[in-house]
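Take a look at the structure below.
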Amino acid sequence: MITDSQFNFVPPGSPLSLVGAAGVSFASNVVDLLGAGVGQAPPGIIGNAIPFGVPDPGIGGMRPQIDMPVGTAFVTANSATVKAQLQYAADQGAGGGYQPSTWYTAVETDAIAAGNLTAGQLLARFDFMPNPPIAGLRVRFVRLYFVIPSGTNFTAGTIAFSTITLVRDDQANKLAGKNFSV
C-alpha cells in the first residue's frame, strides 16, 4: 500500500474510538488538500488552481481510495449502527481563520450493524468523489464522519486506521461470482 503521511484520516497506530454517549457522532482528522493544515493560509500556487476532483482521474490505480478497517470489534447494548460519510468543505479564507466551511457529504454507507463490524473487517471503502456540484465551492478540506443514531451507542469499537492509497494491494475480485460451475 502506498500512503502519504500528510493524508491520514486515522493515522496507523492511533485508532479512532467510536465509543461515546448515546447519539454522538465522530469525525476523523481533517485532511487539507493543499497540505498546509487547518488554520493555515494556503501556500502560493503557480498557474491556474482547479477544484479538487476536476478533471476526474478515472478508476483503479489512478483514483485514490480510502479504506476504513475495524480495529477493535464493535459491541452495543442498544442496537447501535454506524454510517461512514466522506465529507468535503471549502476554506473560509482569511476572514474565517482558514477554517472549513459547511461540510458536504459526498458519499455515505448505509447503516451498518455491530454484528458486521468484527475485527479486521472493512467498515467502508470509498473512492475519492469528484467536487460536489455546488456553484463556487472550491474544496480544500476532507474528513470522514461516523454517524450513530440518537439514543444508541457502542460500548466498544475502533477504526484501526484510514489512509489515502493510490494503489490497492488486495485482490479486489476474490469474492466475486465465478459465473460458472463444475
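Predicted, not measured: the structure shown is a model, and the values here were computed from it.
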Decide yes or no for [X] and [Y]: does some side-chain heavy atom of the first lie under 4.5 Å from some side-chain heavy atom of the second?
X	Y	answer
P149	T81	yes
S162	I66	yes
R140	D32	yes

Rounded to the nearest 0.5 Å, what's the gap from [atom1] on [X] to [atom2] on [Y]? Could you check?
X	Y	atom1	atom2	value
Q85	F126	CD	CZ	8.0 Å
F9	L86	CZ	CG	6.0 Å
D127	R125	CG	CZ	9.0 Å
F74	I148	CZ	CD1	7.5 Å

Polar side chain donor-acceptor pair, N78 to N153, under 3.5 angstrom: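 Side chains of N78 and N153: pair found under 3.5 Å.
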Side-chain H-bond candidate by donor/acceptor type, Q92 with S101, under 3.5 Å: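 No, no side-chain donor-acceptor pair sits under 3.5 Å.
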Any donor-acceptor pair under 3.5 Å linking the side chain of [X] with the backbone of [Y]?
X	Y	answer
T76	A114	no
N8	V10	no
T158	S17	no
T109	A124	no
T152	S79	no

For the student: nearest non-hydrogen atoms of V82 and F154, plus distance: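 Looks like CB-CE1, 4.0 Å.
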Verdict with reasoning, Y145 to Q87, per side-chain contact (heavy atoms from CB on, under 4.5 Å): CA-CA 7 Å; Y145 196 63; Q87 296 184 332; 3.6 Å; yes
Same apolar cluster (I L V M F W Y, side chains within < 4.5 Å links), V31/Y104: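 Yes, V31 and Y104 fall within the same hydrophobic cluster.
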Cluster overlap V19 with V75, hydrophobic side-chain contacts below 4.5 Å: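 Different clusters.
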Trace of the side-chain contact (heavy atoms from CB on, under 4.5 Å) decision for L33 with V142: CA-CA 7 Å; L33 297 174; V142 184; 3.8 Å; yes
Passing option when V70 is tested against T118, L123, I112 for side-chain contact (heavy atoms from CB on, under 4.5 Å):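 For V70, the side-chain contact (heavy atoms from CB on, under 4.5 Å) check succeeds only for L123.
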side-chain contact (heavy atoms from CB on, under 4.5 Å) evaluation trace for L144 with M68: CA-CA 10 Å; L144 297 174; M68 292 162 259; 3.8 Å; yes
Face-on cation placement of R143 at F141 ring, 6.0 Å and 45° thresholds: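 Geometry flag: not set, cation outside 6.0 Å or 45°.
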Ionic contact status for K83 with D110, cut-off 4.0 Å: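 Salt bridge: no.
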From CA spacing to verdict: side-chain contact (heavy atoms from CB on, under 4.5 Å), V38, Q99: CA-CA 6 Å; V38 175; Q99 297 296 315; 3.2 Å; yes
Centroid-centroid under 6.0 Å between F146 and F26 rings: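 Distance test on ring centres: not under 6.0 Å, no.
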